Amino acid sequence: MTPSVRESAAPPRLSRTARYGLAGAAGMVFVGGSVAVSGHLADAPLFTVQAARYGVACLLLLGYARWAGTPVHRPRGPEWLWLLGVTLTGLVIFNVALIQGSRHAEPAVIGVAVACVPIVLAAFGPLLEGRRPAARVLAAAVVVTAGAALVQGLGRTDATGVAWAAVTFACEAAFTLLAVPVLGRHGPLGVSVHATWLGAAVFAAIGLTVEGPGAVTRLHLDDVLAGAYLAVLVTAVAFLLWYTCVAGIGSGPAGLLTGVAPVAAAATGMALGAPSPAPLVWLGIATVAAGLTLGLSHRPTTPTTTTTAPTTPTAPTTPTTPTTASASAPAAAAAAAAAAAAAAAAAGTLPRS
């Protein structure tokens with residue numbers, strides 16, 4: 001067999017955007033699926049569960065780092081501020097806002113607020129990376145946001161609910177934007193490790209103060225199982241996949257993939273026995289797909305990142321492409337989860353309830 005024949009018989013390689021896009025989409029599938037799982041924790045001591053969740057996730061990430069031979073660097077100087085910002089906004093305040101917001105607004109209201117995140121990431125993410133926002137990605141972000149809003153639907157709320165929805169939206173955007181300046185030196189794995197141990201420490205302190213040291217004895221089996229799902233897939237795996245995507249294609253294009261989360265949440269609800277989706281939900285799914293196609297097509301395949309870590313929080317640099325060791329192991333999980341999401345979407349979806 002000649003070399004030309006062998007080359008033609010080889011399967012085509014995925015583009016850079018497709019590879020990292022699959023990682024980000026898989027992470028959002030796990031996040032979307034957590035909506036139904038989180039409902040089992042309604043009566044559990046929340047802060048204690050969250051502390052255990054992030055603590056277990058951190059141990060898993062450290063174990064993976066050791067297995068892959070990827071060093072986890074100690075933060076230095078202003079990096080502590082960026083990482084603490086990621087933790088307080090994206091992990092702590094975000095979860096508190098979800099709880100408080102649910103008391104004043106239907107879940108769809110919070111979901112629509114979070115669905116606006118792609119626009120913020122498309123506008124401000126490139127600035128943190130040292131580039132100008134792309135008009136194509138901005139337009140795609142508007143389309144994805146509109147589609148996600150259709151999937152979520154609208155709900156009733158009051159002024160307090162709107163305020164908590166705005167806090168949730170800001171925290172969701174900050175979870176990605178504040179990580180951009182430190183992805184360069186720490187990589188997706190390092191950022192995930194530091195965010196999770198910091199989150200575990202903060203939630204443990206709150207839990208001991210608010211719920212008491214005996215709160216762990218009030219956990220039931222379903223609480224433990226739900227917390228395990230959140231720790232493994234929604235935190236350890238999803239964090240690593242998401243930051244790998246952000247470092248690989250940039251926060252702007254990656255932000256479009258947040259539109260996958262409500263679709264996955266709706267698909268999960270249907271898989272758990274929810275009725276067939278309404279026509280507007282199907283329209284929303286199609287709109288999200290159109291926005292993703294617009295924003296992620298014809299992307300450049302050469303990396304535009306540097307390896308220089310930021311020295312001050314006012315002069316961040318572009319994140320580097322993740323190392324092979326940190327990105328290779330989740331690839332199989334990303335491909336499998338993305339395939340599962342596509343199958344679920346084909347079967348039908350429903351808005352969050």
Side-chain angles (χ1 to χ4, degrees), residues 16 19-20 22-24 26-27 30 51-91 125 128-130 174-204 231-251 254 302-313 315-335:
R16 177 187 182 82
R19 293 197 309 272
Y20 290 112
L22 281 174
F30 292 135
R53 164 194 176 180
Y54 290 116
V56 170
C58 182
L59 292 176
L60 292 173
L61 289 167
L62 286 173
Y64 172 72
R66 183 180 180 86
W67 173 80
T70 303
V72 176
H73 302 292
R74 179 186 177 89
R76 59 191 184 193
E79 292 175 350
W80 284 105
L81 298 179
W82 292 112
L83 292 168
L84 189 60
V86 170
T87 301
L88 292 179
T89 58
L91 278 62
L128 288 172
E129 297 162 351
F175 176 72
T176 298
L177 294 177
L178 294 179
V180 169
V182 290
L183 276 171
R185 191 170 81 90
H186 293 277
L189 183 55
V191 171
S192 299
V193 167
H194 291 304
T196 50
W197 78 257
L198 284 169
V202 173
F203 273 115
V232 178
L233 294 180
V234 183
T235 307
V237 175
F239 278 27
L240 185 55
L241 290 173
W242 177 247
Y243 284 135
T244 296
C245 176
V246 172
I249 62 177
S251 56
T302 55
T304 58
T305 57
T306 65
T307 57
T308 304
T311 55
T312 65
T317 58
T318 308
T320 58
T321 302
T323 62
T324 302
S326 64
S328 60

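These numbers come from a predicted model, not from an experiment. Values below: all heavy atoms of this structure, side chains included; hydrogens, waters and symmetry mates excluded.
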Between [X] and [Y], what is the shortest heavy-atom contact and its length?
X	Y	result
Cys58	Trp197	SG-CB, 3.5 Å
Tyr20	Thr244	CD2-O, 3.5 Å
Ala26	Leu241	CB-CD1, 3.9 Å
Glu79	Arg74	OE1-O, 4.3 Å
Val191	Ala179	CG1-CB, 4.1 Å
Leu128	Leu177	CD1-O, 3.3 Å

Residue list, side chain to side chain contact (heavy atoms under 4.5 Å, CB included) with [X], at least two apart or on another chain:
X	result
Ala204	Ala51
Ala254	Trp242, Cys245, Val246, Ile249
Ala65	Val72, Leu189
Ala236	Ala57, Leu60, Leu61

Heavy-atom distance under 4.5 Å between the side chains of Thr87 and Tyr54, does that happen here?
-> no
Is the shortest heavy-atom distance from the side chain of Arg185 to the side chain of Arg76 under 4.5 Å?
-> yes
Partner of Val86 under side chain to side chain contact (heavy atoms under 4.5 Å, CB included), chosen from Val182, Val180, Leu178 | Leu178
Step through it carefully: locate the ring centre of Phe175, locate the ring centre of Phe239, and say whether they are under 6.0 Å apart.
-> yes
side-chain hydrogen bond (donor to acceptor under 3.5 Å, both in side chains) against Thr235, all qualifying residues, sequence neighbours excluded | Arg53
Residues which pass side-chain hydrogen bond (donor to acceptor under 3.5 Å, both in side chains) with Ser251, listed by chain and number, not counting sequence neighbours | Glu129
